[in-house]
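Encoded as structure tokens, the structure appears first; notes follow it.
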Protein chains: 4
Amino acid sequence: MFAHRSFSLLCRRSAVTSWRSQSHTAGKRLDISGIYPPIATPFTEPEDVDYQKLDDNIRKYGRLPFRGLVVQGSNGEYPYLTAEERVEVVKRVKQALPKDKLVMAGSGCESTRATIQMSQRMADAGADCVLVVTPCFYRGRMDSRALINHYSKVADSCSVPVVLYSVPANTGLDLPVDAVIQLSKHPNIVGLKDSGGDITRIALMVQKTRSQDFQVLAGSAGFLMAAYAVGAVGGVCALANVLGQQVCELAQLCVSGRWDEAKELQYRLIEPNTAVTRGFGVPALKLAMDWFGYHGGICRSPLQPLSKADLEALRGKFSSNGWL
Amino acid sequence: MFAHRSFSLLCRRSAVTSWRSQSHTAGKRLDISGIYPPIATPFTEPEDVDYQKLDDNIRKYGRLPFRGLVVQGSNGEYPYLTAEERVEVVKRVKQALPKDKLVMAGSGCESTRATIQMSQRMADAGADCVLVVTPCFYRGRMDSRALINHYSKVADSCSVPVVLYSVPANTGLDLPVDAVIQLSKHPNIVGLKDSGGDITRIALMVQKTRSQDFQVLAGSAGFLMAAYAVGAVGGVCALANVLGQQVCELAQLCVSGRWDEAKELQYRLIEPNTAVTRGFGVPALKLAMDWFGYHGGICRSPLQPLSKADLEALRGKFSSNGWL
Amino acid sequence: MFAHRSFSLLCRRSAVTSWRSQSHTAGKRLDISGIYPPIATPFTEPEDVDYQKLDDNIRKYGRLPFRGLVVQGSNGEYPYLTAEERVEVVKRVKQALPKDKLVMAGSGCESTRATIQMSQRMADAGADCVLVVTPCFYRGRMDSRALINHYSKVADSCSVPVVLYSVPANTGLDLPVDAVIQLSKHPNIVGLKDSGGDITRIALMVQKTRSQDFQVLAGSAGFLMAAYAVGAVGGVCALANVLGQQVCELAQLCVSGRWDEAKELQYRLIEPNTAVTRGFGVPALKLAMDWFGYHGGICRSPLQPLSKADLEALRGKFSSNGWL
Amino acid sequence: MFAHRSFSLLCRRSAVTSWRSQSHTAGKRLDISGIYPPIATPFTEPEDVDYQKLDDNIRKYGRLPFRGLVVQGSNGEYPYLTAEERVEVVKRVKQALPKDKLVMAGSGCESTRATIQMSQRMADAGADCVLVVTPCFYRGRMDSRALINHYSKVADSCSVPVVLYSVPANTGLDLPVDAVIQLSKHPNIVGLKDSGGDITRIALMVQKTRSQDFQVLAGSAGFLMAAYAVGAVGGVCALANVLGQQVCELAQLCVSGRWDEAKELQYRLIEPNTAVTRGFGVPALKLAMDWFGYHGGICRSPLQPLSKADLEALRGKFSSNGWL
């Protein structure tokens, strides 16, 4: 299919070139601060990617004050897409999105070589940076040594900056703090999306990487305000697919130090956020998107639609907080 | 030993009396906001309680701007004390502590009847309120129904206010949010100590109980600032046994809205805090107390002293943050 | 209350005496092989111990081919009994039980000193051996070093043999295999009750302790046959409180090598066993005891009665396997 | 790349045809009883698949009394292979293996559609049956409903029989017993590989599916004898890559009812087995293969070689049991 060795060489060369030509030597890194919805992938009835509906969603999101979009985070059902679909979705998003918004593309695979390849394909398809989830199948062997090795090789080879991604609810693995500290020194690793939500850990990582201009993003709207309070600079929030304006407003209140107002808004976002993430998952996120004027729709199998009882519970979490 | 039935009647009557005579009808509850060290229990070489050293510690703590002391939280090795010792320690603390400080006494036992009895003994010994840990041995059966029943009976019977206590690291059980919300309506339950550290959960509990004048305390210095940011009103912090002044200062910065200064101080407390709690446990807390002028000393068996390597690691967490 | 030091001295002396006078020097240990029901504790309506009903149950159990009874395993609600009740129950059981049956009494407490004291009280009350659960509240610190220290001290001091007890579902802690191997060499530690059910671990412990005449008991009827197959010599089975004859028959089939018949009987015991243990817990065990002619009745609070739906499910697990 | 819809139709038709023409109507299913090594995938230094070394291994395995080989179980590093590599490896194995041995090919992917496609590609490449791991990324949503739906669709579409595969250590998900029971009724699902090792669960699944001619395979040599004792009919054992003759001998002893001899052999296999699985993982398995005359070699990154200390520990587990 492709020659790994020559690809790898190619990849490394372009990466080296990019480091020299841009940002990193000067110590300035890509600014990723701000809010991102990790967009969902709409499907047609036979479960093919619905690029038209995707396009519609992107144009709507383009009008909101997002810093950019995360394409193929966990909410994008990326494990259910083929490599070709993953790349094609990134291309379409890039085309439909205003130029001042970032495309952060999920490129993580289980093996290092596949992650290297996918990261570069994402970059070539227009991604401004790549989001690389921890490999996890052999989680018993994924210690700091293995993960530092993995991410270093990926970052060495990639022509766009790398963002680390720790999402223990899905991977059963928390990227160790000492690995994050070590990796923050890599010139091509610019930040971390932390979806675990352990606020003590988030604060510690901010403290320990602050000399590196390393940027920590909250991986959920549920602890967005607390994350800002301890030094995070943004968030990748599933809920922003539904209540994008409100999540951006919460971020703005935090950035401008209006903490009391922030707190009030944060409260009202917790239950809807939990409902579309841990509570009922991607099927719930897509259902809520339908309610709020976006294209959500079905998930790929084996993800199943919500039961009627769960649907009612989901609705209740939005209505009781004044959003429906 | 004692007649449960008559005791129980007695208990209930005094509780009813107290509700009528004080606080609860007027909707005003005991103000528990502020910082508490959950004090350690010093032992002599043969592992008897060293009341003299305890007394020394209390007098030193009495000069710090604490709201009070928690006696027999997890750091007090309460599961290793006899019922008599538990009560006696509370008595001694009450005697040695300035009158404006609260004594919050851990009175949780596995059975409801033992918890009722111990809570009242604590109240009789001078406790201003009792801290009741979730029973946990049969954790598979400790659902909201069982826990609401347990805490309601304890609070019904007790002549001083009850504070709920959720510490999943030790109990393997997180007091469910719906149970907390339900229990917050009880006139004799005034708050919760949450040691789990899930900041989303903490914010949600504050939101959902705010109409009840219910007070949430952070159970650790590691997430104290974040907890204040989302509406907690204080903390029970193991680290306050060692760096009491600093933890109080952090709380004061939060209360007065000086969040940037708070953040800087918070950072420097995370590693020492983790080291004396999850990291190396009560033996480490007591060792650090020795370093900072308090009586720490040995733990009761089966808790073992730190290994030399752990001791060095512990010291490093204090010195690298500028405390040693 | 009592002088620990002199008690401890006393304890040690009697233990030494017993080692000299009996079993251990000769390399012969107390034979604990066979089946034990871990008996439940009946209560009156106000939740006091119902000694009359206890007595009735014991007399019935006395007629079955049990090796003995476990008094105050997890199913005896021992964490809900006072020290006095724990001892009194052992006394009553000893009196009511035929002399050829063993009384194995649960004497575990959190602290080493309390466990030493309780073990000796149990021995004095007539226990033939004591069953000592792993201390677990500070489970993060309960490594092999701490546990070997704990059990060694208890076994040194106790005038009757000690049986180790690992029950991770309740304690969140599995007694490490290396600790078991080390402790199997102690002359006063004769065996282990393993309720975790990891059959690989059970086989490994049998293999590694076989030179010590160390006896492994399965902690549940669910894996009793498999445990016998890999070298266990008996079982402490909650289900034996209800289907005692059948559990003994299963053991007999295993001992006599009639594995095919054993398998058929084993199958029919799995679902009822799971239902009265992990499935619905002690309240279900007591309910099933009522169905089969024993006194079960209520549990102490906070344990709650089964819901009607759970009761029906419980009944189904017995009836679908031909027991009701 | 390919048209899902027409592919799917094709797939279904061939499956239907196969059911009619062979086994299932007559109630006779493919006999999968016996021992399988889940073969490792050898790599060259630049981490390409080394088909020559693979071929060498297969020819050696072909001389042992295995029922067949599992290609791309967890030990085959299948998550690190491309789809093309996965299929090619199956082809090569089929060519090199004697005709009387089965090729059981791991075809699980996260999405149902990808699993359907991969299963058929495996069948077309010569697989005699496919082994389908539980999808797990969205494990919070992978309830019985979702999993029954997933497996039913896969089995409906596949021209060779399907074997279910539950491996919670890697997936964080145990295929629920009720789902297994339901799926055992599908004419094209012939068995289950259970790597969780809960012997009670294994016995229960055998009992509940026995009317369906459903075959349960132990997923590890650690509990192989116990699994046979409760009714399993074989095993897929990583250790069989190294000590193939011995694992087959253990199986033979079990099948012929020589349980005492089986027990002695089982003991000696536990520690080596744990070392090459949970203990040190695939890198250890490959290292041990080198010691025993097979081609093991390196793993794909991010899997790292063993440290020197781990290597020595691994060697000790073989030598102390008399294998080195």
Side-chain angles (χ1 to χ4, degrees), chain A residues 169 177-178 181 194-211 218-232 237 239 250 253-275 277-279 317 320-322, chain B residues 169 177-178 181 194-211 218-232 237 239 250 253-275 277-279 317 320-322:
Chain A
V177 171
D178 69 304
I181 295 171
D194 187 289
S195 295
D198 178 342
I199 200 71
T200 306
R201 173 186 147 92
I202 290 174
L204 182 60
M205 291 189 299
V206 172
Q207 176 197 16
K208 292 293 182 181
T209 61
R210 62 203 312 205
S211 63
S220 166
F223 51 89
L224 183 60
M225 181 206 169
Y228 267 107
V230 299
C237 306
L239 190 63
L250 173 53
L253 289 170
C254 293
V255 168
S256 52
R258 293 157 66 188
W259 296 104
D260 283 338
E261 290 162 85
K263 189 170 63 179
E264 295 303 316
L265 181 51
Q266 172 68 84
Y267 286 156
R268 296 174 59 207
L269 298 178
I270 290 175
E271 287 188 307
N273 175 70
T274 300
T277 54
R278 273 192 313 180
K317 296 301 184 187
S320 71
N321 285 281
Chain B
V177 172
D178 69 305
I181 295 170
D194 188 290
S195 295
D198 178 341
I199 201 70
T200 307
R201 173 186 147 91
I202 290 174
L204 181 61
M205 292 189 298
V206 171
Q207 176 197 15
K208 292 294 182 180
T209 62
R210 62 204 312 204
S211 63
S220 168
F223 52 89
L224 183 61
M225 180 206 169
Y228 267 108
V230 300
C237 306
L239 189 64
L250 173 54
L253 290 170
C254 294
V255 168
S256 52
R258 293 157 65 188
W259 295 105
D260 283 337
E261 290 162 85
K263 188 170 63 180
E264 294 304 317
L265 182 50
Q266 174 68 84
Y267 286 156
R268 296 173 60 207
L269 298 179
I270 290 175
E271 287 188 306
N273 175 70
T274 301
T277 54
R278 273 192 313 178
K317 296 301 184 186
S320 70
N321 285 282

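In what follows, every chain begins at residue 1, and chains take the letters A, B, ... in the order their sequences are listed. Note that the structure is predicted; figures quoted are calculated from it, not measured.
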query: How many angstroms lie between atom CG of Leu224(A) and atom OG1 of Thr200(B), to the nearest 0.5 angstrom?
result: 10.0 Å

- line: Heavy-atom nearest pair, Lys263(B) first then Val230(A), reads CD-C, 3.7 Å

N/O donor-acceptor pair under 3.5 Å between Tyr267(A) side chain and Lys208(B) backbone: no

task: Would you mind checking if Glu264(A) and Arg210(B) are paired as a salt bridge, meaning a charged N to carboxylate O distance below 4.0 Å?
output: yes

message: Quick check on the interface: out of Ala226(B), Ala229(B), Ala262(B), who has the most heavy-atom pairs with chain A under 4.5 Å?
response: Ala229(B)

- request: Output the option from Glu271(A), Arg268(A), Gln266(A), Arg201(A) having the highest count of non-hydrogen pairs under 4.5 Å with chain B.
  value: Glu271(A)

statement: For Ile270(A) and Ala203(B) the tightest heavy-atom approach is CD1-CB, 3.3 Å

Engaged part of Leu204(A) at the chain B interface, taking heavy atoms whose separation is under 4.5 Å: both

